[in-house]
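Quick notes on the structure that follows.
Predicted model, so just to flag it, every value in this text is computed and none were measured. Counting starts at 1 for both ligands and their atoms, in listed order.
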Amino acid sequence: MNKFEQLGLNESLLKAILDLGFENPSEVQEKAIPLLLEKDTDMVALAQTGTGKTAAFGFPLIQKIDADNRNTQALVLSPTRELCLQITNELKNYSKYEKGINVVAVYGGASITEQAREIKRGAQIIVATPGRMQDMINRGLVNIKNIDYCVLDEADEMLNMGFYDDIVSILSDTPDEKSTWLFSATMPQEVARIAKQFMSEPLEITVGAKNSGSSTVSHEFYLVNARDRYEALKRLADANPDIFSVVFCRTKRDTQAIAEKLIEDGYSAAALHGDLSQAQRDGVMKSFRGRQIQMLVATDVAARGIDVDNVTHVVNYQLPDEIETYNHRSGRTGRAGKLGTSIVIVTKSELRKISSIERIIKQKFEEKSIPSGIEICEIQLLHLANKIKDTEVDHEIDNYLPAINNVLEDLSKEELIKKMVSVEFNRFIAYYKKNRDISVSGGERRERGDSEPREFSNNGAVRYFVNIGSRDNFDWMSLKDYLKETLDLGRDDIFKVDVKEGFSFFNTDPQHTDKVMDVLNNVQLEGRRINVEISKNDGGGRRDHNNRGGRRDSGRRDGNFAPRREGGFRGDRNSSRDGGSREGGSRDGGFRGDRNSSRREGGFRSSAPRSENGGSDRAPRRSENFGDNSRPRRSRRD
Ligand code: ADP
Ligand code: MG
């Protein structure tokens, strides 16, 4: 018997679930569904974001609704319009084999008369935002006096958003005998208050530790100077060519400004916040879901609860005021069992907050450094190479080949490759060379920062490249353990472990170098010889800079959407490496637009410390690092 069947769900739902592709119930579903089906009860269900709460109330709700009765039987309240539409859509999917169930969305910004008309036609389930719902009640456009079920979804967020009064007022318009189901990721006092006031002996289910984040999300922070925030964001995007992300800002104004800047710089970005018209918001969400937008810059309110598949990164451009909010943000990624990364761009003065968040999410952050220009360049180049390799040839092209061959026939394969790559990269490389000369100032800055605590620098360490990585089932922790054991070294002797798909980097102090080279080069891992080399590109600050953890390989995720950016390469895997020329890596995404070249200030180098304010470690010391702020401007696409 199918696991969902065991929960007591009926045929039509089971069929719909099959279509949805859900194989097994999630924990909250497993706990909530049988209880809700079995009897009419109040319930408080606490589960992290991304754990499938919608279906946990949606499946039983659909099953319990009387499809032959056209009256409104259930009200689902949700905090935002986006979420409201999302839930409506989900419920429609769940009920697609159940004839006669109508679900209507009610939210601000759209025509109230049209919504009223839809309800009049018979809506057994209304999914509403509290403000609009209150409005409809006031105008007598809706009757919820006889509902059997009321669901408060994302209750914590609704209350965060100041809907307490609306909710209280709406609930008082519903019958006492109804069942109230409250779903929330966290249980702040206001939620408890609602539960106490409006629910009678609710069954309580809690999934995972209260308030803890999803374990499919890894958390990283990048320490930068406040003024380098934006540059850091760009670099992170450049270092993750296939990034598909929600970037959180604190205010609507910042949200708009950052999105505009990104667009101006040629990134595929858009803003989502409450000041946009609803048509604009719809358009943005549609593009984001369709992956025409890689970076959705959003306020907490606007992005709350949004469920878009395969978001690779959540970027906390600024940390939220309320630490609790961090969970809601990071829950936009790592959904449905997929892996995701939550990145925080943080200044030194905010570092305390990281520890507070760690306590709340019960997970550690990994400190990483913003990739250098060299690394980004390499990532993008490999990405291009892989993209070329993976490009499918449309045989239409054959018609043009004779003419093309005519032009290119004298070139050797090597020359041809060089030239092809250069088509995309000349500008970037030019930019890069140019910047290299200026990086002296970066060195100076770094010097200044040398008084940083040791944890922020690793002077004198040796960086290694090793040919094992996440493909061999390592993550940074397990690789560290493996190395420690294999090399018989102490806990702190291996550091800055940075695992890519097919290879990894790590550091030791120089006194361990002989051992590392001797031992590791003579070890086999599942029959494969391990190869370790000293990373060539690890001089001084550069080593510090890179090795601070480095970037996570975005290629491990299934980010297989083609970036819209021009010239985007879709390599895969492996991604960046620590400077130098080796690396088999490649990574999805592409160096799209280095076109327009260095027209703008503010590029690679910007993550170098500019003031006393931390980050000294990331100042490239060597001249090959970018020495000024310019970055190749991405070409604007279409
Ligand atoms: P929450 O409300 O807890 O944040 P959602 O209900 O939005 O989470 O679900 C998150 C994602 O997980 C959605 O994309 C949903 O389709 C998917 N999902 C839910 N339940 C299952 C399941 N049993 N199996 C696979 N995927 C699921
Ligand atoms: Mg939800």
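Using a 4.0 Å heavy-atom cutoff, F183 is absent from the residues neighbouring ligand 1. Ligand 1 has P25 within reach: a non-hydrogen atom of the residue lies less than 4.0 Å from it. The closest approach between D309 and ligand 1 falls below 4.0 Å for a heavy atom of the residue.
When only modelled atom types and interatomic distance are considered, D156 and T186 share a side-chain donor-acceptor pair under 3.5 Å. A side-chain donor from one of E98 and S12 sits under 3.5 Å from a side-chain acceptor of the other. R250 and Y317 form no side-chain donor-acceptor contact under 3.5 Å, judged by distance and modelled atom types alone. Donor-acceptor pairing under 3.5 Å is lacking for the side chains of Q318 and R229. Side-chain contact annotation: H219 with E366, donor-acceptor N/O pair under 3.5 Å absent.
A salt bridge links K96 to D19: one of the charged nitrogens lies within less than 4.0 Å of a carboxylate oxygen. R117 has a carboxylate O that lies under 4.0 Å from a charged side-chain N of E114, or vice versa, which qualifies the two as a salt bridge.
Backbone and side-chain nitrogen or oxygen atoms of T49 are examined, and none is located within less than 3.5 angstrom of a nitrogen or oxygen of ligand 1. Residue K53 has at least one nitrogen or oxygen atom sitting less than 3.5 Å from a nitrogen or oxygen atom of ligand 1, judged on distance alone.
Across F57, F59, F22, heavy-atom proximity to atom 22 (C) of ligand 1 is greatest for F22.
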As a quick check of understanding, evaluate side chain to side chain contact (heavy atoms under 4.5 Å, CB included) for I194 and V168, giving each step before the final call.
CA-CA 8 Å; I194 290 267; V168 167; 4.3 Å; yes
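The atoms of ligand 1 that sit less than 4.0 Å from any heavy atom of F4 are 23 (N). The ligand atoms of ligand 1 that sit less than 4.0 angstrom from a heavy atom of N24 are 22 (C), 23 (N), 24 (N). Distances below 4.0 Å separate heavy atoms of D307 from the following atoms of ligand 1: 7 (O), 10 (C), 11 (C), 13 (C), 14 (O). Every atom of ligand 1 is numbered from 1 in the order shown, and the set under 4.0 Å from a heavy atom of S26 is 23 (N). Close approach to Q48 involves these atoms of ligand 1, each under 4.0 Å from a residue heavy atom: 3 (O). In the vicinity of T54, heavy-atom distances shorter than 4.0 Å reach the ligand 1 atoms 2 (O), 5 (P), 6 (O), 7 (O). Close approach of ligand 1 to T51 (heavy-atom distance below 4.0 Å) involves ligand atoms 1 (P), 3 (O), 8 (O).
E154 has its closest N, O or S atom to the Mg ion (ligand 2) at the position named OE2.
Side-chain atoms of S26 come within 3.5 Å of backbone N or O of T51 as a donor-acceptor pair.
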